[in-house]
Amino acid sequence: MNTNRGLLIVLEGIDQSGKSSAAQRVCEMLEKKGIQSIKQPFPDRSTDIGKLIDEFLHGKNLPQQVVHLLYSANRWEVAQKIKETLEKGITIICDRYAFSGIVYSIANGLDERWCNSADSGLPKPDIVFFLELSLEDAEQRRKTMKTDRYENIKFQSKVKCEYEKFKDSMKWTCIDARQSKEEVALEITSIIEQQLPQLSNQPIKTLDLI
Ligand code: FDM
Ligand code: MG
């Protein structure tokens, strides 16, 4: 039953590191190679919970704990669908996942252990790519983008600092996000392609963060 399942791939990184375009391009590149794949953004703004998160990002006031749980619930509401999709042999490219949830909430002052528990038990990613970009380069890119409450250098520097701790304690694959969009996507795609035969025969694991 678990032979040749799809892989659960996660892209993480500070805002403007190019996760969304990479997710799109990697899917296209994999499809061209005959590897079925779809992208899954988090937050997933297509659901009621996702819409509430979007309102929060654009000014609605909510307690930080509620926000953390909403982001987590937004993953749990698609967790079963993620598993079924993987079992069908389709690879999923997530634009952010539980690690964003933890990193951004800790940057907002929440307790790490409390944050970790909400996402424990979700499907575990097979590969996490960390798109590395300096705060200065991110600021430069932001100039032409529309922003939300988290997109300012003060908050992003906290986020980056928390990501660095995570990156060191987990086995993440670091990608130089200063490269062109094409180069970033090519690098990620070739790593996925290389790992696919070995990982697709393993059962889906469970995220254990506590
Ligand atoms: N974000 C995203 C969180 O704070 N927690 C989470 O669990 C997730 C998935 O939402 F500032 C934040 C990170 C970001 C914002 O995401 C919207 P995009 O990818 O930047 O649009
Ligand atoms: Mg953003």
Side-chain angles (χ1 to χ4, degrees), residues 8-27 39-79 82 92-112 114-125 128-133 135 137-166 170 172 175 177 181 184 207 209:
L8 184 58
I9 306 296
V10 168
L11 309 184
E12 288 285 359
I14 60 171
D15 285 283
Q16 310 305 337
S17 56
K19 301 174 298 301
S20 306
S21 0
Q24 176 69 35
R25 279 166 193 255
V26 168
C27 274
K39 63 177 171 25
Q40 168 67 64
F42 288 112
D44 183 337
R45 291 171 164 96
S46 69
T47 70
D48 288 345
I49 295 172
K51 290 191 176 76
L52 195 49
I53 292 172
D54 193 55
E55 285 175 32
F56 161 76
L57 283 168
H58 294 98
K60 187 184 175 75
N61 268 327
L62 289 170
Q64 234 16 273
Q65 287 84 349
V66 172
V67 172
H68 182 79
L69 295 174
L70 285 175
Y71 274 113
S72 179
N74 187 233
R75 286 182 278 279
W76 280 107
E77 64 182 336
V78 290
I82 286 181
I92 304 176
I93 314 290
C94 293
D95 174 1
R96 300 188 183 274
Y97 200 55
F99 314 105
S100 279
I102 294 162
V103 161
Y104 279 72
S105 287
I106 295 175
N108 269 318
L110 292 188
D111 174 70
E112 182 170 354
W114 185 85
C115 290
N116 287 348
S117 62
D119 288 290
S120 289
L122 283 171
K124 184 179 177 175
V128 179
F129 290 98
F130 182 59
L131 275 61
E132 284 202 291
L133 192 70
L135 290 170
D137 286 339
E139 271 307 292
Q140 201 60 37
R141 288 183 184 183
R142 194 175 352 268
K143 281 184 182 157
T144 55
M145 307 282 288
K146 68 174 186 333
T147 56
D148 58 43
R149 71 195 294 157
Y150 288 152
E151 299 219 19
N152 58 77
I153 194 147
K154 191 163 169 241
F155 189 72
Q156 291 295 312
S157 66
K158 288 188 198 168
V159 168
K160 189 167 170 49
C161 181
E162 293 307 325
Y163 263 131
E164 296 295 332
K165 292 184 203 160
F166 242 101
M170 321 276 280
W172 285 3
I175 304 287
K181 289 178 179 180
V184 167
L207 194 57
L209 293 161

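We count ligands from 1, going down the list as the structure has it; atoms in each ligand are counted the same way. Bear in mind that the values here come from a model prediction, so they are computed numbers and not experimental data.
- Less than 4.0 angstrom separates some heavy atom of R45 from each of these atoms of ligand 1: 17 (C), 21 (O).
- Contact check for Y150 versus V159: no side-chain heavy atoms found under the 4.5 Å cut-off.
- Taking both residues in full, the closest heavy atoms of D15 and A138 are given as O-CB, 3.7 Å, listed atom of the first, atom of the second, then distance.
- A heavy-atom distance below 4.5 Å is found between the side chains of Q65 and L110.
- By the 3.5 Å distance cut-off applied to N or O atoms, D148 is not counted among the residues near ligand 1.
- For atom 16 (O) of ligand 1, the nearest protein heavy atom (residue, atom name, distance) is R96 NE, 3.4 Å.
- The residue V67 has no part lying near ligand 1, judged by heavy-atom distances below 4.0 Å.
- Only the side chain of Y150 comes within contact range of ligand 1, with a heavy atom under 4.0 Å; no backbone atom does.
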Begin with the C-alpha distance, continue with both residues' side-chain angles, and end with the deciding distance and a verdict on side chain to side chain contact (heavy atoms under 4.5 Å, CB included) for V67 and N108.
CA-CA 10 Å; V67 172; N108 269 318; over 6 Å; no
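- Counting heavy atoms under 4.0 Å from ligand 1, residue L57 touches it through the side chain alone.
- Checking F99, Y71, F155 against atom 5 (N) of ligand 1, the nearest heavy atom belongs to Y71.
- For K160 and E164, the salt-bridge test passes: some basic side-chain N is under 4.0 Å from an acidic carboxylate O.
- Any N or O atom pair closer than 3.5 Å counts here, and G101 shares at least one such pair with ligand 1.
- Minimum heavy-atom separation, F42 to N74: CE2-O, 3.7 Å.
- Within the protein, the N, O or S atoms sitting under 2.8 Å from the Mg ion (ligand 2) are D15 OD1, E151 OE2.
- A donor-acceptor pair shorter than 3.5 Å can be found between the side chains of E151 and Q16.
- Under the 30°/60° scheme for interplanar angles, the aromatic rings of F99 and W172 are found to stand perpendicular.
- Between Y163 and F130, the ring planes are tilted. Angles from 30° to 60° get that label.
- Between S117 and W114, the shortest heavy-atom distance links the atoms OG-O, 2.9 Å.
- The closest side-chain donor-acceptor pair between S105 and Q64, if any, does not fall under 3.5 angstrom.
- Scanning Q64, R75, E151, R149 for the heavy atom closest to atom 7 (O) of ligand 1 points to R75.
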Going through the checks in order, is the side-chain hydrogen bond (donor to acceptor under 3.5 Å, both in side chains) test met by R96 and Y71?
CA-CA 11 Å; R96 300 188 183 274; Y71 274 113; over 6 Å; no
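- The nearest heavy-atom contact from the protein to atom 20 (O) of ligand 1 is D15 OD1, 2.8 Å.
- The contact set between ligand 1 and F42, taken as ligand atoms under 4.0 Å from a residue heavy atom, comprises 9 (C).
- For ligand 1, the polar-atom distance check against Y104 finds no nitrogen or oxygen pair separated by under 3.5 Å.
- Of all the heavy atoms of E12, none lies under 4.0 Å from any atom of ligand 1, so neither backbone nor side chain is involved.
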